[in-house]
Colleague: 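Dumping the structure here so I can ask a few things about it.
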Amino acid sequence: MGDVFKEQIVKRKPTVKDTVIRVLLIVLVILIFFASALLVQALAVVITAVAAFGAFYLMSFLSVEYEYIFTNGELDIDIIYNKSRRKRQLSTKVNDFEIMAHIDDKNHESVFTMAQETRDYSSGVHGQDTYMCMLTLKGKKVKLIIEPNEKMLKAIAGSITRRKLHLRPGVVLVQ
């Protein structure tokens, strides 16, 4: 058997919270402009420019993508901000998953309610490709929410025992 390598990008959908933060940052810059124009006329442009740059920098953290990298049984998840800054969020062997089930799977709901922490690395809109995984990280029960496409799901299925993997009804993975 050869090496297995799969990559997938999942873009997080903007939330209402993201929109509110963007609007508040813009309003804040406008307020800083008027306040600095009234109080310190000579530096108003500079102060406003610094505030605008800061707001733009903070807004870049609202554009989020997750990259799933599967290599020979190991799943790495990176977060990518504004398509430029990357940070590793998770690295684990998929065989360390206690269970991986579709998000709508009611048969295994009790297992996932025991999670002490939830990490959502999905688009934020849970659908037919959304799965939950339970694993132990640093002594804590962690529930992962991911959205593997069919190719990624096939790769994971080849590295995890069948009793741990519970696919969405109707999904048949042909190896």
Colleague: Which residues pass the side chain to side chain contact (heavy atoms under 4.5 Å, CB included) test with Ile9, sequence neighbours left out?
Modeller: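 For Ile9, the residues satisfying side chain to side chain contact (heavy atoms under 4.5 Å, CB included) (neighbours in sequence not counted) are Glu65, Glu67, Ile80.
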Colleague: Drop me the distance from Asp3's CG to Asn72's CG, to the nearest 0.5 angstrom.
Modeller: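 One gets 4.5 Å once the value is rounded to the nearest 0.5 Å.
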Colleague: Side-chain contact, heavy-atom cut-off 4.5 Å: Cys133 with Ile146?
Modeller: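 Yes, side chains in contact.
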Colleague: My understanding is that only residues two or more places apart in sequence, or in another chain, count here; which of them pass side chain to side chain contact (heavy atoms under 4.5 Å, CB included) with Leu25?
Modeller: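 Partners of Leu25 by the side chain to side chain contact (heavy atoms under 4.5 Å, CB included) criterion, ordered by chain and then number, come out as Ile21, Ala55, Leu58, Met59.
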Colleague: State the CE-NE2 distance between Met100 and His102, to the nearest 0.5 angstrom.
Modeller: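 Reported to 0.5 Å precision, the distance equals 10.0 Å.
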Colleague: Using side-chain heavy atoms (C-beta onward) and a distance below 4.5 Å, is Gln116 in contact with Val142?
Modeller: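 Side chain of Gln116 against side chain of Val142, heavy atoms only: no contact under 4.5 Å found.
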Colleague: Got a sec, which residues hit side-chain hydrogen bond (donor to acceptor under 3.5 Å, both in side chains) with Lys11, two or more places apart in sequence or on another chain?
Modeller: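 If we apply the side-chain hydrogen bond (donor to acceptor under 3.5 Å, both in side chains) test to Lys11, skipping adjacent residues, there are no hits.
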Colleague: Tyr81: which residues meet the ring-ring contact (aromatic ring centres under 6.0 Å, His included) condition with it, sequence neighbours left out?
Modeller: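 With sequence neighbours excluded, Tyr81 shows a ring-ring contact (aromatic ring centres under 6.0 Å, His included) to Phe61, given in chain and number order.
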Colleague: Using every non-hydrogen atom in the two residues, find where Ser159 and Gly73 come nearest and quote the distance to one decimal.
Modeller: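 For Ser159 and Gly73, the tightest heavy-atom pair comes out as OG-CA, 3.6 Å.
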Colleague: Can Leu165 be reached from Val4 by stepping across I, L, V, M, F, W or Y side chains whose heavy atoms are under 4.5 Å apart?
Modeller: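 Per the 4.5 Å side-chain linkage, Val4 and Leu165 are co-clustered.
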Colleague: Measuring from Ile77:CD1 to Gln8:CD, what's the distance to the nearest 0.5 Å?
Modeller: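 Ile77 atom CD1 to Gln8 atom CD measures 10.0 Å (nearest 0.5 Å).
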Colleague: Might you work through the side-chain contact (heavy atoms from CB on, under 4.5 Å) test for Ile79 and Val64, ending with a clear yes or no?
Modeller: CA-CA 7 Å; Ile79 189 169; Val64 174; 3.7 Å; yes
Colleague: Which residue pairs pass the side-chain hydrogen bond (donor to acceptor under 3.5 Å, both in side chains) test when at least one of the two sits in residues 32-60, sequence neighbours left out?
Modeller: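 Qualifying pairs: Ser60-Arg85.
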Colleague: Is there a path of hydrophobic side-chain contacts, each under 4.5 Å between heavy atoms of I, L, V, M, F, W or Y residues, that connects Ile99 with Leu153?
Modeller: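 Hydrophobic grouping puts Ile99 apart from Leu153.
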Colleague: What pairs with Tyr66 under ring-ring contact (aromatic ring centres under 6.0 Å, His included), at least two apart in sequence or on another chain?
Modeller: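 For Tyr66, the residues satisfying ring-ring contact (aromatic ring centres under 6.0 Å, His included) (neighbours in sequence not counted) are Tyr121.
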Colleague: For Met152 versus Lys6, what's the shortest heavy-atom pair and its separation?
Modeller: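 Closest approach of Met152 to Lys6: CE-O, 3.7 Å.
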Colleague: Which value, rounded to the nearest 0.5 Å, describes the distance between Met134 atom CE and Thr118 atom OG1?
Modeller: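 Going from the CE atom of Met134 to the OG1 atom of Thr118 covers 8.0 Å.
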Colleague: Taking atom NZ of Lys164 and atom CZ of Phe97, what is their separation to the nearest 0.5 Å?
Modeller: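 Between Lys164 NZ and Phe97 CZ, I get 9.5 Å after rounding to 0.5 Å.
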Colleague: Any idea which heavy atoms bring Ser122 and Val10 closest together, and the distance?
Modeller: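 Residues Ser122 and Val10, closest heavy atoms: C-CG1, 3.9 Å.
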Colleague: For residues Ser91 and Glu74, determine if any side-chain heavy atom of one lies less than 4.5 Å from a side-chain heavy atom of the other.
Modeller: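 SC-SC contact between Ser91 and Glu74 confirmed.
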Colleague: Less than 4.5 Å apart, any side-chain heavy atom of Val50 and any of Ile32?
Modeller: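 A side-chain contact under 4.5 Å is absent here.
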Colleague: I'd like to know if the side chain of Asn82 reaches the main chain of Ser84, judged simply by a donor and an acceptor atom lying under 3.5 Å from each other, with no hydrogens or angles considered.
Modeller: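 No.
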Colleague: Is there a salt bridge (charged side-chain N to carboxylate O under 4.0 Å, His left out) between Lys87 and Asp78? Walk through the geometry before answering.
Modeller: CA-CA 5 Å; Lys87 185 175 181 191; Asp78 293 349; over 6 Å; no
Colleague: For Leu24, check side chain to side chain contact (heavy atoms under 4.5 Å, CB included) against everything at least two apart and list the hits.
Modeller: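 By the side chain to side chain contact (heavy atoms under 4.5 Å, CB included) rule, Leu24 matches Val20.
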Colleague: Sort and list the pairs that fulfil salt bridge (charged side-chain N to carboxylate O under 4.0 Å, His left out) and have at least one residue in residues 15-38, not counting sequence neighbours.
Modeller: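 Passing the test, one end in residues 15-38: Arg12-Asp18.
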Colleague: When hydrophobic residues are tied together by side-chain contacts of less than 4.5 Å, even through go-betweens, does Phe33 share a cluster with Ile26?
Modeller: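 Linked, Phe33 and Ile26 end up in one cluster.
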Colleague: Can you pull out every salt bridge (charged side-chain N to carboxylate O under 4.0 Å, His left out) where at least one residue sits in residues 110-137? Sequence neighbours excluded, please.
Modeller: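 Pairs touching residues 110-137 that pass the test: Glu117-Arg119, Glu117-Lys140.
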Colleague: For Val27, check side chain to side chain contact (heavy atoms under 4.5 Å, CB included) against everything at least two apart and list the hits.
Modeller: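 For Val27, the residues satisfying side chain to side chain contact (heavy atoms under 4.5 Å, CB included) (neighbours in sequence not counted) are Val23, Leu31.
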Colleague: To the nearest 0.5 Å, how far apart are CG in Leu137 and CG in Leu90?
Modeller: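 So the gap between those two atoms works out to 6.0 Å.
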Colleague: What residues form a ring-ring contact (aromatic ring centres under 6.0 Å, His included) with His108, not counting sequence neighbours?
Modeller: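 With sequence neighbours excluded, His108 shows a ring-ring contact (aromatic ring centres under 6.0 Å, His included) to His166, given in chain and number order.
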Colleague: If you define the side chain from C-beta out and look only at heavy atoms, does anything of His126 sit under 4.5 Å from Ile145?
Modeller: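 Counting from C-beta outward, His126 and Ile145 do come under 4.5 Å.
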Colleague: Of all residues at least two apart in sequence or in a different chain, which pass the side-chain hydrogen bond (donor to acceptor under 3.5 Å, both in side chains) check with Asp96?
Modeller: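 Result, side-chain hydrogen bond (donor to acceptor under 3.5 Å, both in side chains) vs Asp96: none returned.
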Colleague: Using modelled atom types and a 3.5 Å cut-off, is there a donor and acceptor pairing between side-chain atoms of Glu7 and backbone atoms of Tyr68?
Modeller: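 No; zero donor-acceptor contacts below 3.5 Å.
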Colleague: Under 4.5 Å between side-chain heavy atoms, counting indirect links through other Ile/Leu/Val/Met/Phe/Trp/Tyr residues: same cluster for Ile156 and Tyr131 or not?
Modeller: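 Ile156 clusters together with Tyr131.
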Colleague: Any non-hydrogen side-chain atom of Glu98 less than 4.5 Å from a side-chain atom of Lys141?
Modeller: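 They are in contact (side-chain heavy atoms under 4.5 Å apart), so the answer is yes.
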Colleague: Grouping I, L, V, M, F, W and Y whenever their side-chain heavy atoms are under 4.5 Å apart, do Val94 and Leu144 come out in a common cluster?
Modeller: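 The answer is yes; both residues are in one hydrophobic cluster.
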Colleague: For residues Asp76 and Phe70, determine if any side-chain heavy atom of one lies less than 4.5 Å from a side-chain heavy atom of the other.
Modeller: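 No, their side chains stay 4.5 Å or more apart.
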